[in-house]
Amino acid sequence: MTFDGFETLAIHAGQEADAQTGAVVVPIYQTSTYAQDGVGGLRGGYEYSRTANPTRAALEECLAALESGIRGLAFASGMAAEDTLLRTIAKPGDHVVIPGDAYGGTFRLFSTVLERWGVRWDAVPQSDVEAVRAAVRPETVAVWAETPTNPLLNITDIEALAGVAHEAGALLVVDNTFASPYLQRPLTLGADVVVHSTTKYLGGHSDVVGGALVVSDADLGHRLAFHQNTMGAVAGPFDAWLTLRGVKTLGVRMDRHCANAERVVEALVDHPAVAEVYYPGLPDHPGHKTAERQMRAFGGMISFRLRGGEDAALKVCERMRVFTLGESLGGVESLIEHPGRMTHASAAGSPLEVPADLVRLSVGIESADDLVGDLVAALDH
Ligand SMILES: *Cc1c(COP(=O)(O)O)cnc(C)c1O
């Protein structure tokens, strides 16, 4: 008998009771260094906390288990994880295919930082697998995917994209931040690397910034760990502990995020002030069938457009009382934002520009009736 259900792993993987004291929760090992029993006599392999720390190691083992990988690595932020990954796998002259609607920070990393170091990239709409196939070249080292995307909730077929990447001798990297491993496990669909901003659903309480990489290949894991230690953008012990605490409830939180999002979508679809709703759970969403195949449920993120244009969109954002006006996503509290003026303001004039009448919701786990009531009142106004 093996005990490997998702919720069991979330609570127990990497988290044995402390050998010495029996403490049920992994302690916060707030230490930079470790006493050695004679030169090189390390206890449990620990010598210095940039290289390894027991609290961070617990989180890394747990994340690897949840993503069905063999190695997890925890970083100070999602962007630190991305930067470490890209400097591990790409060198000057190499090429990466990124999503046409990539996360803004990812786009900025490629377009302003990596480009200066000679890494080339093309932004391609990835729900179109043939467009990705046409964009790969002999120098392509990775296809970078996000699904669902931000903020338009486009869906990419992970299995099909893995085929395209592998035919080209490239890795498939999937940023799984929006789905979380509870809803979708890219490594089981052929991806080589999973990227997370653990700031979002994994942490889940809007109280910590962090990132992670998970891989299923030991050699790649080893190279990433070397770069993690060499570049040093690691998660601190307290941040790792907060994230681990959040992860324990990921399953129950995601169930509620998804159920609440369905209630909110129902209310939006029926409302005369709403022009269009973007949610992969809607049967007429172009990625619905793919999402149904590769996701357990459709997530807590929703975007919609207002018939009244940008002005109406801004007013709805400002009138909400239960939803908080703010950036980020994936916490227990519901958030609303205007991508054009907030998260995607820097994308104006670029291929990532978003409609001005668009509003994005991160549906939290409050009472569904209150969320629907708050939204309908703001829309009715
Ligand atoms: C937030 C986010 C990131 C960046 O993570 P940070 O923790 O903010 O550095 C990357 N990808 C996606 C999809 C995100 O939502």
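The figures here come from the full heavy-atom set of this structure, side chains too, leaving out hydrogens, waters and symmetry mates. Because the structure is predicted, anything quoted here is derived from the model rather than measured. Order of appearance sets the numbers: ligands from 1, and atoms from 1 within every ligand.
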Does N53 reach the main-chain N or O of G236 with its side chain, forming a donor-acceptor pair under 3.5 Å?
no
Among all protein heavy atoms, pick out the one at the shortest distance from atom 1 (C) of ligand 1; state its residue, atom name and that distance to 0.1 Å.
K200 NZ, 1.5 Å
for atom 4 (C) of ligand 1, nearest protein heavy atom and its distance come out as Y103 CE2, 3.5 Å
Salt-bridge present (E337, R360; N to O < 4.0 Å)
yes
For ligand 1, which atoms have a heavy atom of E82 less than 4.0 angstrom away?
10 (C), 11 (N)
Examine G78 against ligand 1 and note whether any of their N/O atoms are separated by less than 3.5 Å.
yes
Determine, for D157 against R293, whether the closest basic-nitrogen to carboxylate-oxygen distance falls under 4.0 angstrom.
yes
Measure from the side-chain N and O atoms of T55 to the backbone N and O of W241, and report whether any donor-acceptor pair falls under 3.5 Å.
no
Kindly say whether the aromatic ring centers of F3 and H12 come within a distance under 6.0 Å.
no
Between D94 and V141 (side chain of the first, backbone of the second, donor and acceptor by atom type, cut-off under 3.5 Å), is there such a pair?
no
Enumerated ligand 1 atoms positioned under 4.0 Å from heavy atoms of D175
10 (C), 11 (N), 12 (C), 13 (C)
Taking the six-membered ring of Y201, is NZ or CZ of R253 closer than 6.0 Å to its centre and within 45° of its axis?
no
Say whether T199, considering both its backbone and side-chain N or O atoms, lies within less than 3.5 Å of an N or O atom on ligand 1.
yes
Polar-atom distance check: M79 versus ligand 1, any N or O pair below 3.5 Å?
yes
S197 N/O to ligand 1 N/O under 3.5 Å:
yes
Under 4.0 Å from a heavy atom of S77: which atoms of ligand 1 are those, numbered in the order shown and with their elements?
7 (O), 9 (O)
Near G210 (heavy-atom distance under 4.0 Å), the atoms of ligand 1 are 7 (O)
